[in-house]
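Working notes for the structure below.
Below, read A as the first sequence line, B as the second, and so on, with proteins coming before strands; counting in each chain starts at 1. Computed from heavy atoms alone, side chains included, the values below leave out hydrogens, waters and symmetry copies.
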Amino acid sequence: MENKHFIRTIIENDLKSGKHERPITRFPPEPNGFLHLGHARAIIMNHNLAKDYRGTFNLRFDDTNPLTEDALFVEGMKEDIAWLGCHWDNLFFASDYFEEMYERAMVLVKKGKAYVCDLSAEDIKATRGDLTTPGTDSPYRDRRVEENIRLFEAMRAGAFEDGACVLRAKIDMASPNMNMRDPVIYRIQHSSHHNTKDAWCIYPMYDFAHPLEDAIEGITHSLCTLEFEDHRPIYDWYVEHCEMPKVPRQIEFGKLIIAHQVTGKRFIRQLVEAGVVDGWDDPRLITLSGLRRRGVPPEAIHRFVQALGLPKTEGETDVEMFNEYVRDVMHATAPRIHAVLDPLKVVITNYEGDVETVMNAPFHKDDETFGARPVHFGRELYIERSDFLPDKPDKHWKRLSLGLEVRLMHAYFIRAESFDTDDRGQVETVYCTYDKRTKSGSGFKERKPNGTIHFLEATSAKTATFHLFENLVDPDKDDSLPLEARLNPHSKQAFSGFVEAGVPFEEGDAFQFTRNGYFAVDRDASEDRPVFNRVVALKSSFKAPGRKKRT
RNA sequence: UGGGCUAUGGCCAAGUGGUUAAGGCAUCGGACUUUGACUCCGACAUCGGUGGUUCGAAUCCACCUAGCCCAGCCA
């Protein structure tokens with residue numbers, strides 16, 4: 001169950017005191033990029049808070065800057081949020097409120113709380129002061145109200161060039177909070193907006209627009225991240241002085257940061273352009289679309305986010321914690337089948353006759369509703385190359401070696417007798433004998449095998465491609481190095497191997513390939529050659545021979 | 001050096017004056033095992049520091065230290 005975080009407490013108190021009957025929350029992304037796992041916290045929390053207290057959850061695109069926004073991003077974000085299962089009660093755009101925002105700004109102008117300032121951007125910066133020294137008043141600060149009205153109307157009407165002037169709030173140039181030093185309300189920007197096209201040439205700034213958007217929608221609890229904490233005074237100032245009938249409350253929480261992951265837009269764009277990743281939905285990225293393509297179940301994201309709660313601290317969470325929730329969900333939902341990623345041929349020298357069906361093996365040992373599928377056995381098999389070593393390296397080795405017997409899962413015990421190598425000395429074929437009496441399900445107990453490995457009968461196996469992923473960024477490299485110097489060259493590995501035939505593979509279908517991990521069918525798969533992405537590996541306490549560390 | 005915020009084990013995170021200081025991840029033992037998986041047992045912190053208030057403090061006060069955010073006509 002989710003931690004009862006401080007925001008729940010606030011909402012419950014507001015409900016109890018009668019301040020609000022129902023909470024109204026919103027997720028307000030700017031449509032200028034992609035959503036990633038970090039955003040999932042905000043999406044899910046806003047969504048669940050509304051749902052749990054029978055309130056309303058709005059999806060609102062905060063599209064107040066036509067220079068960086070695009071309708072394409074709107075569609076992408078809607079798709080990602082819907083995939084997460086966070087269904088919004090209302091879909092809004094900040095740009096739908098442009099007229100009301102303008103009128104509210106005019107209220108400020110008429111009250112003498114805002115003025116048109118002709119200072120250049122550089123001069124505004126120069127007169128703002130800095131962290132320790134107060135700013136100085138603009139020479140335009142005391143313009144008459146009538147003149148401000150006329151000028152602001154002219155701004156809207158397109159009388160001025162970009163940057164010629166701005167509308168500013170008249171607050172306090174000496175405030176220790178930089179946000180209160182006569183912040184800009186409207187800037188002139190002659191450019192086409194994805195939604196309002198050319199209707200406007202002035203656009204409101206975030207600090208002014210956001211509280212009004214919240215107030216207009218009647219948002220009760222406006223959640224945002226910590227860096228907006230010192231914007232709260234300006235948020236409240238605009239709600240009050242613009243005379244908004246409804247008063248939303250801004251509450252800040254900590255961002256969800258996953259250690260050693262790439263989320264920066266510019267950097268991802270570079271990686272895409274350089275061909276390092278396949279796109280914003282590359283399975284190595286923790287963008288929501290990347291996670292979806294990799295095959296991560298949305299349920300895992302929900303559980304992860306809820307386990308973390310909504311703290312006011314900002315830490316870096318280890319991806320392993322996320323991976324554990326992915327395994328958790330897939331453990332329960334993924335059918336088990338066999339796949340050999342890196343095949344090594346095995347010949348059963350004492351096997352005579354045709355391929356046989358050994359048994360019907362369950363798709364899920366703990367849940368018979370998954371059903372079963374036939375397992376084939378024959379003279380030629382494939383096992384995982386890493387499951388054979390000529391000489392048993394140490395007492396922990398639970399796989400195949402010369403003279404040792406292992407169980408082939410759902411089939412027989414086999415004993416390795418000899419092997420061939422190719423001209424490079426690499427093992428080519430392992431010759432084994434099998435013992436008919438050890439058939440799976442027979443209850444044979446006379447000998448204990450040296451472990452259990454998975455396999456595929458050669459003639460019935462289906463060829464397939466497997467993608468294995470590691471962190472895009474090498475976590476062991478010094479964090480002070482630039483990201484490009486920390487890229488992991490092995491972040492994606494492709495294997496050509498085999499998978500059980502007879503199971504249909506459709507895009508997105510997820511499986512556990514026994515002993516190899518959880519995999520999902522990639523969209524690039526074709527009828528005769530499926531492509532699988534490894535969603536997450538199985539946990540393993542296997543210690544590679546000669547090593548102390550687990551791998 | 002101005003303002004805002006944060007500080008609980010390797011990583012997250014509960015805890016709001018009296019608890020053996022939850023839980024998850026990771027790690028280390030061990031049991032079980034037709035997945036070295038799962039499951040199951042067990043190990044693993046005195047709460048940034050110092051001083052105070054109190055019968056009693058991670059929880060209250062003071063001071064200190066460390067980290068994060070703020071000087072876009074971005075959001």
Within the 4.0 Å heavy-atom criterion, would you say Arg336(A) contacts the bases, only the backbone, or no part of the nucleic acid? base
Trp397(A) has its side chain closest, among G36(B), C12(B), A26(B), to G36(B)
Under a 4.0 Å threshold between the charged nitrogen and the carboxylate oxygen, would Arg486(A) count as salt-bridged to Asp476(A)? no
request  = Determine: side-chain N/O of Ser541(A) to OP1/OP2 of A37(B), distance under 4.0 Å, yes or no.
outcome  = yes
Residue pair Met321(A)/Gly451(A) against RNA chain B: nearer the 5' end by closest nucleotide is Met321(A)
Looking across every strand, which nucleic acid part, if any, lies under 4.0 Å from Lys398(A) by heavy atom: base, sugar-phosphate, or nothing? base
*Are Arg60(A) and Glu30(A) close enough for a salt bridge, meaning some N to O gap below 4.0 Å?*
no
As its Watson-Crick or G-U partner within any shown strand, both distances under 3.5 Å, A57(B) has none
Re A75(B): Watson-Crick or G-U wobble partner, both distances kept under 3.5 Å, found to be none
Open item on the list: Can you see if the side chain of Lys539(A) gets near the phosphate of A26(B) - specifically, an N or O under 4.0 Å from OP1 or OP2?
Closed with: yes
Residues 332-342 of chain A vs side-chain hydrogen bond (donor to acceptor under 3.5 Å, both in side chains), sequence neighbours excluded, gives His331(A)-Arg336(A), Arg336(A)-His364(A)
Expected list for residues 435-444 of chain A near RNA chain B, using heavy atoms below 4.0 Å, is Ser440(A), Gly441(A)
ask   = What is the nucleic acid contact for Arg181(A), judged by heavy atoms within less than 4.0 Å: base, sugar-phosphate only, or nothing?
value = nothing
G15(B) -> Watson-Crick or G-U wobble partner, both distances under 3.5 Å, gives U8(B)
Regarding the side chain of Thr317(A), the nearest nucleotide among A13(B), C5(B), C12(B) is C12(B)
pair_partner(A62(B)), Watson-Crick or wobble, both distances < 3.5 Å, evaluates to U50(B)
Begin with the C-alpha distance, continue with both residues' side-chain angles, and end with the deciding distance and a verdict on side-chain contact (heavy atoms from CB on, under 4.5 Å) for Tyr235(A) and Asp207(A).
-> CA-CA 6 Å; Tyr235(A) 183 100; Asp207(A) 277 330; over 6 Å; no
Strictly below 4.0 Å, N to O, side chains only: are Asp387(A) and Arg515(A) in salt-bridge contact?
yes
query: Within 45 degrees of the axis of the six-membered ring of Phe466(A) and under 6.0 Å from its centre: does Arg534(A) put its NZ or CZ there?
result: no
- prompt: For Thr452(A), which contact category applies under a 4.0 Å heavy-atom criterion: base, sugar-phosphate, or nothing?
  reply: sugar-phosphate
Closest of C25(B), U1(B), U35(B) to the Glu320(A) side chain is C25(B)
| query | Under a 4.0 Å N-O cut-off, is there an ion pair linking Glu405(A) with Lys448(A)? | reply | no
Within 45° of the axis and under 6.0 Å from the centre of the six-membered ring of Phe304(A), does NZ or CZ of Arg41(A) qualify? no
Pairing partner of G2(B), by Watson-Crick or G-U wobble and under 3.5 Å for both distances, is C70(B)
Whether each nucleotide of nucleotides 69-75 of chain B has a protein heavy atom under 4.0 Å at its base (B), only at its sugar-phosphate (S) or at neither (-) is summarised, 5' to 3', as BBBSBSB
Applying the 3.5 Å cut-off to both distances, the Watson-Crick or G-U partner of C40(B) turns out to be G30(B)
Using ring centroids (six-membered ring only for Trp), state whether Phe377(A) and Tyr434(A) fall under 6.0 Å. yes
* Hey, are Arg8(A) and Asp52(A) close enough for a salt bridge, meaning a charged N less than 4.0 Å from a carboxylate O? -> yes
To the nearest angstrom, the CZ-C1' distance between Phe513(A) and U35(B) comes to 14 Å
- Task: Considering just the side-chain nitrogens and oxygens of Lys365(A), establish if one lies under 4.0 Å of OP1 or OP2 belonging to C38(B).
- Result: no
(request) For His331(A), answer base if it contacts any base atom (sugar-phosphate contacts may also be present), sugar-phosphate if it contacts only those atoms, and nothing otherwise; contact means non-hydrogen atoms under 4.0 Å. (result) sugar-phosphate
